[in-house]
Q: 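Structure incoming, see below.
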Amino acid sequence: MHDIRAIRENPEAFDAGLARRGLAPMSAEILALDADRRARINAAEEAKAEQNRASKETGAAKARGDEAEFERLRALIGDSKAQIAAMMAEAEALDRQLNDLLMTIPNLPLDSVPDGEDETDNVEIRRWGEPRALDFPPLEHFDIPGVKPGMDFATAAKLSGSRFVVLSGGVARIHRALAQFMLDMHIDKHGLTETWTPVLVLSDMMLGTGQLPKFGEDSYQTREGWWLIPTAEVTLTNTVHGDLVEHATLPRRMVGHSQCFRSEAGSAGRDTSGMLRQHQFEKVEMVSITDAENGLAEHERMTKCAEAVLEALGLPYRTVALCTGDMGFGARITHDLEVWLPGQDTYREISSVSYVGDFQARRMNARYRPEGGGKPEFVHTLNGSGLAVGRTLIAVLENGQQADGSVELPAVLHPYLGGAIRLGRDGSLA
RNA sequence: GGAGACGUGGCCGAGUGGUCGAAGGCACACCCCUGCUAAGGGUGCAGGCGGGAAACCGCCUCGAGGGUUCGAAUCCCUUCGUCUCCGCCA
């Protein structure tokens with residue numbers, strides 16, 4: 001959420017930021033609403049202050065036994081009560097209206113973010129690794145002979161419909177190994193704190209991280225009102241929801257492995273083959289809570305943490321700076337990692353690392369007391385995949401595929417696979 | 001699921017109708033003393049919103065929502081959460 005004071009102080013900058021996102025100016029509408037709101041608050045509060053004074057006098061009259069004066073004041077207050085209540089209600093309604101409007105406006109990009117309309121305007125920052133030269137036509141993951149026995153979309157469709165998968169045997173174990181490997185790496189080498197969270201959350205949490213109120217149709221909600229998290233960003237970030245934390249506890253660096261649930265509304269027909277885009281998938285997610293000063297540096301650090309996983313697995317990738325038109329709702333700057341998928345002969349997103357600034361913190365009311373005391377300030381939040389497990393599985397399978405239909409597996413995974421080094425053509429680990 | 005207790009400031013914890021936004025302690029900030037792996041003394045210190053150049057003033061907030069009352073942290077109702085006991089259960 002945006003700071004109304006910042007908009008008031010510099011409406012041009014606000015509108016310019018929106019324009020970079022391809023949005024029409026909004027400051028005039030916002031400031032008009034804000035002015036109206038403040039006028040009403042003022043009027044209501046003055047009336048209320050008057051009533052409070054009268055009430056005190058009433059008490060004083062009662063105390064000294066002046067019944068006539070007591071009754072006179074009592075009647076006076078009684079008369080104005082409904083009117084003041086109405087004024088307060090009006091002021092509150094406008095306050096809510098402004099708040100509701102602000103909740104729907106996306107974060108503004110940093111100056112360093114490249115301008116652009118869609119993913120074609122994203123800017124490659126760096127590239128790591130060389131796609132392996134193959135002397136056979138590479139297959140997509142679901143067509144690799146060694147993968148087929150352990151990746152069953154038909155059975156999943158029977159169980160749950162489209163965009164689900166049943167993994168079994170060697171493939172299932174590689175999938176699990178990947179999640180464990182990523183967690184261990186972030187915990188042991190990157191110093192993140194392992195954090196396990198619920199996958200069902202209250203609406204307030206979805207509002208806090210920005211999935212609501214605008215993107216409710218992208219997620220699932222239970223009859224009881226809980227939401228299934230589309231990413232552990234929601235739970236990890238909201239761990240500080242409503243809190244005033246000690247500055248000494250920052251930065252808080254968390255990593256969690258969770259199921260993620262997405263309705264994929266609006267992506268009908270896209271990536272329908274294979275397990276690239278599922279309603280349910282696993283992700284190892286990183287979240288950092290920092291102070292205002294260290295947020296941007298943390299973004300670099302987090303990006304490197306994600307890159308380190310791909311490098312350890314020997315998967316070629318490129319790091320891309322998302323342009324203004326391709327960034328998510330809450331981000332001020334986002335770096336995507338795209339992994340090489342030989343079966344698709346292209347790089348595909350496998351991680352997205354975003355610096356959110358205080359945008360989510362305002363929604364969550366999450367603050368810290370600055371060093372040396374003083375007024376609380378909003379924390380800054382960051383989130384990044386480290387990595388999407390299902391997509392990493394795809395990448396490992398496609399990049400490791402051999403001419404004979406087996407798959408060579410990255411050395412760092414061997415200890416997690418009981419020493420196995422390949423997925424055989426028959427789908428078993430060996 | 002049944003019964004009971006509780007939910008107060010960054011934290012702990014008093015407070016049962018007005019002078020309470022709230023004692024005391026801890027933490028924190030500044031100052032003094034002292035001197036070294038520590039202590040003592042003093043002062044300050046809830047948050048949000050609105051007004052004001054500022055000093056400062058006002059409004060709201062004692063889990064949340066509603067009610068009673070001239071007046072509610074305090075009484076009533078609803079609701080959420082936590083804890084304890086019982087039941088059940090991975």
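By convention in this document, chain letters (A, B, ...) are assigned in the order of the sequence lines, proteins followed by strands, and residues within each chain are numbered from 1. Nothing here was measured: the structure is a model prediction, and the numbers come from that model.
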Q: With rounding to the closest Å, how many angstrom separate the C1' atoms on B/A14 and B/C26?
A: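 Their C1' atoms lie roughly 15 Å apart.
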
Q: Would you mind pulling out the nucleotide paired to B/A23, Watson-Crick or G-U wobble, both distances under 3.5 Å?
A: none

Q: Please report the distance separating the C1' of B/C60 from the corresponding atom of B/A22, rounded so that it comes out in whole Å.
A: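 About 15 Å, rounded to a whole number of Å.
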
Q: State the pairing partner of B/C85; accept Watson-Crick or G-U wobble contacts with both distances under 3.5 Å, and report none otherwise.
A: B/G2

Q: In terms of relative ring orientation, are A/H380 and A/Y355 parallel, tilted or perpendicular, with 30° and 60° separating the classes?
A: tilted

Q: Using whole Å, what does the distance between atom P of nucleotide B/G71 and atom CD of A/E71 come to?
A: 13 Å

Q: For atom P, what is the distance between B/A23 and B/G10, given to the nearest Å?
A: 14 Å

Q: If B/G7 has a Watson-Crick or G-U wobble mate with both distances under 3.5 Å, name it; if not, just say none.
A: B/C80

Q: Taking atom C1' in both B/U68 and B/G9, what distance in whole Å separates the two?
A: 28 Å

Q: Roughly how many Å apart are B/G13 and B/A46, using the C1' atom of each and rounding to a whole number?
A: 15 Å

Q: Indicate, with a heavy-atom threshold strictly under 4.0 Å, whether A/I77 touches base, sugar-phosphate, or nothing.
A: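 A/I77: backbone/sugar contact only, no base atoms under 4.0 Å.
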
Q: In chain order, what residues pass the ring pair (Phe, Tyr, Trp, His ring centres under 6.0 Å) check against A/H190, with sequence neighbours excluded?
A: A/H186

Q: Side chains of residues 168-181 of chain A: which donor-acceptor pairs under 3.5 Å do they make with residues two or more places apart or in other chains?
A:
none

Q: To check you understand the geometry: which heavy-atom pair defines the closest contact between A/T231 and A/C260, and what is its length?
A: CA-SG, 3.8 Å

Q: Once you apply the 3.5 Å cut-off to both distances, tell me the Watson-Crick or G-U wobble partner of B/C56, or none.
A: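 Its partner is B/G51.
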
Q: Report the relative orientation of the aromatic rings in A/Y368 and A/H247; use parallel for angles under 30°, tilted for 30 to 60°, perpendicular for over 60°.
A: tilted

Q: Ignoring hydrogens, what is the shortest heavy-atom contact between A/L23 and A/P106? Give both atom names and the distance.
A: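 Nearest pair, atom of A/L23 first, then A/P106: CD1-CG, 3.5 Å.
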
Q: So which heavy atom on A/R8 is nearest to which on A/L31, and how close?
A: CA-CD2, 3.8 Å

Q: Treating primed atoms plus P, OP1 and OP2 as sugar-phosphate and everything else as base, which nucleotides of nucleotides 45-68 of chain B get B, S or - for protein heavy atoms under 4.0 Å?
A: --SSSSS------BBS--------

Q: For B/G50 and B/C31, measure between their C1' atoms and round to the nearest Å.
A: 35 Å

Q: In whole Å, measure the gap between the P atoms of B/U74 and B/G21 for me.
A: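 Here B/U74 and B/G21 have their P atoms 13 Å from each other.
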
Q: Does B/U43 have a Watson-Crick or wobble partner in any strand here, with both distances under 3.5 angstrom, and which is it?
A: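 Checking every strand shown, B/U43 finds its partner in B/A29, with both distances under 3.5 Å.
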
Q: Is there a Watson-Crick or G-U wobble partner for B/G71 with both distances under 3.5 Å, and which nucleotide is it?
A: none

Q: Between B/C11 and B/G18, how far is it from one C1' atom to the other, in whole Å?
A: 30 Å

Q: Evaluate the ring planes of A/F14 and A/H2, with Trp represented by its six-membered ring, and classify them as parallel (under 30°), tilted (30 to 60°) or perpendicular (over 60°).
A: perpendicular

Q: Any strand counts, and the cut-off is 3.5 Å on both contacts for Watson-Crick or G-U wobble. Which nucleotide pairs with B/A90?
A: none

Q: Would you kindly give the CG-to-P distance between A/D204 and B/G81, to the nearest whole Å?
A: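 From A/D204 CG to B/G81 P: 13 Å.
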
